[in-house]
2 protein chains.
Amino acid sequence: MTEFELIKKILHSQKTQRGDVIVHAGDDGAVLQIPKDQQLVVSTDTLVCGTHFFPDMPAFDLGYRALSVNLSDLAAMGALPAWAMLSLTLPKINNVWISKFIHGFFSLAKKYKIELVGGNLTRGALSITVHAHGFIPKNQALTRKAAKIGDLIYVTGTLGDAAYGLSLLKEKSQHKNKKYFLSRLYRPTARIEVGIALRALASSCIDISDGLISDLSHILKSSKKGATVFLDKIPLSPQLKKEGQEKMALQGGEDYELCFTISPENQNKLKKINCPLTYIGKIEKEKKLIILDKKNKPLKINQRGYDHFHKRPNN
Amino acid sequence: MTEFELIKKILHSQKTQRGDVIVHAGDDGAVLQIPKDQQLVVSTDTLVCGTHFFPDMPAFDLGYRALSVNLSDLAAMGALPAWAMLSLTLPKINNVWISKFIHGFFSLAKKYKIELVGGNLTRGALSITVHAHGFIPKNQALTRKAAKIGDLIYVTGTLGDAAYGLSLLKEKSQHKNKKYFLSRLYRPTARIEVGIALRALASSCIDISDGLISDLSHILKSSKKGATVFLDKIPLSPQLKKEGQEKMALQGGEDYELCFTISPENQNKLKKINCPLTYIGKIEKEKKLIILDKKNKPLKINQRGYDHFHKRPNN
């Protein structure tokens, strides 16, 4: 199969055709119509084999995850996803692998009626770059820079499962809950609906891709504030709680939950959001991040979460 | 230097700040305002070390080229570029190399007032993916699918220099004009102004990235037409003419000139375009591509131009 035939096959397996795509994938570029009164939100992320995933990661999950981590960025901005582009670099054409990968990618794309509007296919070390495009009403985007003193800090879902899954993979562990932890690593949930609901409510928002400490620190730095976080308030899954691996929730990324700040007077409006949301701390004037343990003693923390050019701190 | 510090350094070296960028690079996504009555044109391309360029390619040129090949796609659609995203995968941080790369990238971005609005930095085998975003007035995009019988086929500039430059590199040749040919390979000119001028004139357009035969064939396939091309009309640089390497113009890509079709009644309107444009053939009813040599004898041609998963036919 040639490159062009493969691209054709990929595009033919796509079910979604949006009315706002004027020129679909297959030309030099796609032509897209932004709805009136909406702004465009764009985001990109790259997954490299050996850096972000192991070579034996199931292809379906990889396709799913490559899109999901990008949708998570859109969620953190409060955007509604619309279009994606996929740049796939492969050492060789393996039809079975590619079919599974594309199936995983489209299974998530379909959920949000996202159309794949372009991309490219190249020979080289396995790597995936996705671009996601979404919409947001004018001036409603959530950013990292507007957290205010006294704002409450919340996170969605539970933290740490994905990082623990990664540590089990690295240790080649046969843990009885390995399947559960891996499912959280392989198929993170982009919190699109939460992001949209937070548009009018949150003062700042970020997705937790590098770990709570690292990502909350981005909010604090951009907003020029500090924070106190209570370790025992950080939501853990029952499975992770059993392991006594709270640190996974602090320094391990990959969960792609949202961390946001909200003023106390908006707090009761969070009830209408159909997703577990947990208060974990508050924004402070003094520009540092303090994490208090159960005895109210500050933890010694490494501010650095995940850095692609450094070893991961925790695993 | 950490990943975050490097990203900061790259963004600080950017001079362009556009008024239509509502949230600049540095958050989870960029927020962008499309001008009224314009549609968005998006395109992406990946350059992989060892597949698209040799490891010793000068970093400045690589940065320039990575953006230029994407702008060329926008040019082929008739779009005016506005924003770009850069996904850079590097085996390690080399500050000198990165500075030169970014300098090359921004030197071209500046020319078109393009703002870098996002991207990412990852560890892995050297590879660059760029996304380019541009604007086009509603329903004026040039595509591949509307060439009509009797339309004239034109190309911009001269063809084949870049492919010949690549062949000299592969042969490790010390050719006296090597510098000239390499400059055409390393810094292709995206024909932005021509694409914009062609909006109201051309019936179809493509950029020649894979070779004239391959790319013109895309127009023919999409438009369900055939064509006759006259070999001796294909414009060559004086330097390439001297080498007797016409085949480079047929099957070698990398020049990133435009190939477009235009109805005979619009032909005289091409005079106002400030770029060498050459008539090379015409669109025919019968669905095949015929290239006639100087004696009007059809050449035997390999329809396949460049395919990333096959060996290049010519070098």
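So you know, we letter chains A, B, ... as the sequences are listed, proteins then strands, and number each from 1.
Ranked by heavy-atom pairs shorter than 4.5 Å toward chain A, the options B:I22, B:N70, B:D27, B:I206 are led by B:D27. Contact count versus chain A (heavy atoms, under 4.5 Å) is highest, among B:N139, B:V117, B:T129, B:I136, for B:T129. Options B:M85, B:H131, B:Q38, B:K145 differ in how many heavy-atom pairs under 4.5 Å they form with chain A, and the most are formed by B:H131. In terms of non-hydrogen atom pairs under 4.5 Å with chain B, the most contact-rich of A:Q39, A:K138, A:R144, A:M77 is A:R144. For the set B:A75, B:G26, B:G134, the count of heavy-atom pairs under 4.5 angstrom toward chain A peaks at B:G26.
A:T44 contributes no side-chain N or O that, together with a main-chain N or O of B:G119, makes up a donor-acceptor pair within less than 3.5 Å.
Between A:H133 and B:H133, the closest side-chain pair of non-hydrogen atoms falls below 4.5 Å.
The contact between B:V23 and chain A is made entirely by side chain atoms (from C-beta outward), counting heavy-atom distances below 4.5 Å. Residue contact with chain B, scored on non-hydrogen atoms closer than 4.5 Å, is absent for A:C49. Neither the backbone nor the side chain of B:K36 has a heavy atom closer than 4.5 Å to any heavy atom of chain A.
Taking CG of A:N120 as the reference point, atom OG of B:S43 lies at 8.5 Å (rounded to 0.5 Å).
At a heavy-atom separation below 4.5 angstrom, chain A is approached by B:D28, B:G29, B:A30, B:V31, B:L32, B:Q33, B:I34 within residues 28-35 of chain B.
Heavy atoms only, all atoms of each residue included: B:T122 and A:H52 are closest at CG2-CE1, 2.8 Å.
Among residues at least two apart or in separate chains, salt bridge (charged side-chain N to carboxylate O under 4.0 Å, His left out) pairs with a member in residues 65-75 of chain B are B:R65-B:E254.
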